[in-house]
Amino acid sequence: MTDHPMRGLADTLIAAFNAGDPEAVAALFTPQAVIDDPSTGERFDGYRGIRDYILRFFVGYHTVTRLLSIAPLAEGRAGLRVDFTGDFGHEIGRLDLTVDADGRITRIDADLEQAPACRLRDGEGGPATPGQARAGTGIGKG
């Protein structure tokens, strides 16, 4: 994996996700930070929103996240490709991180790389994926 100046922050963020620790995750963000995750159909604002995001979609689905790669996007931005596993199964996603001059996260644009072939619509049988539970028809990373 390419060495990247934000690799330490990425590793710390993923460790906090995997620990299911919303306070540790929120501490990595600025107070006005945003997580925009179309796979959930929602945007999460500030510390309260970030805590909600972690509790619902990481703690709630026992999500384990693994960093696959990190790439520069622009000054103060990095693109993470991540592997998610949990009660929903397995998905690959991306987290585009933007940080301020102090190295705190100001924004994450999150989404899935691709939808699994076994996508189910609500009411078609089988367990709902996290995205279905969250947004009614989408698929999410849990």
What's the shortest heavy-atom distance between L95 and A110, and which atoms? CD2-CB, 3.5 Å
For a side chain to side chain contact (heavy atoms under 4.5 Å, CB included) check, start with the C-alpha distance between V25 and Y53, then their side-chain angles and the critical distance, and finish with the verdict. CA-CA 10 Å; V25 173; Y53 183 74; over 6 Å; no
Say whether, by atom type as modelled, one donor and one acceptor occur between the side chain of T106 and the main chain of T98 under 3.5 angstrom. yes
When rounded to the nearest 0.5 angstrom, what is the spacing between CG in D111 and CZ in R94? 5.0 Å
Over all heavy atoms of both residues, which pair between F88 and T85 is shortest? Give the atoms and the distance, please. CZ-C, 3.6 Å
Would a single hydrophobic cluster contain both F58 and V82, if residues Ile, Leu, Val, Met, Phe, Trp and Tyr are joined by side-chain heavy-atom contacts under 4.5 Å? yes
Any residue meeting side chain to side chain donor-acceptor pair (under 3.5 Å) with D100, in chain and number order, not counting sequence neighbours: none
Would you mind listing every salt bridge (Lys or Arg N to Asp or Glu O under 4.0 Å) that reaches into residues 21-30, with sequence neighbours excluded? E23-R51
Sequence neighbours excluded, which residues qualify as side-chain contact (heavy atoms from CB on, under 4.5 Å) partners of R48? none
Which donor-acceptor pairs under 3.5 Å do the side chains of residues 9-17 make with protein atoms, sequence neighbours left out?
unit_1 : atom_1 : unit_2 : atom_2 : d
D11    : OD1    : R7     : NE     : 2.9
D11    : OD2    : R7     : NE     : 3.1
T12    : OG1    : G8     : O      : 2.9

When hydrophobic residues are tied together by side-chain contacts of less than 4.5 Å, even through go-betweens, does I50 share a cluster with L28? yes
Here the pair of heavy atoms bringing E42 nearest to D36 is O-OD1, 3.9 Å
Between T63 and F84, which heavy-atom pair has the shortest distance, and what is it? CG2-CD2, 3.9 Å
The criterion is salt bridge (Lys or Arg N to Asp or Glu O under 4.0 Å); which residues satisfy it with R104, sequence neighbours excluded? none
I'd like to check the salt bridge (Lys or Arg N to Asp or Glu O under 4.0 Å) partners of R81; sequence neighbours left out, ordered by chain and number. E113
Among all residues two or more places apart in sequence or in another chain, which pass the salt bridge (Lys or Arg N to Asp or Glu O under 4.0 Å) test with D52? R56
Side-chain contact test, heavy atoms from C-beta onward, threshold under 4.5 Å: evaluate it for R107 versus D96 and give yes or no. no
Roughly how far, to the nearest 0.5 Å, is CG of D102 from OG1 of T30? 10.0 Å
Listed by chain and number, what are the side chain to side chain donor-acceptor pair (under 3.5 Å) partners of N18, not counting sequence neighbours? none
What heavy-atom pair brings A78 and M6 nearest, and what distance separates the two atoms? CB-CE, 3.3 Å
Non-hydrogen side-chain atoms of F29 and I108 separated by less than 4.5 Å: yes
State yes or no: do V64 and L67 share one hydrophobic cluster built from I, L, V, M, F, W and Y residues joined by side-chain heavy-atom distances below 4.5 Å, directly or via other members? no
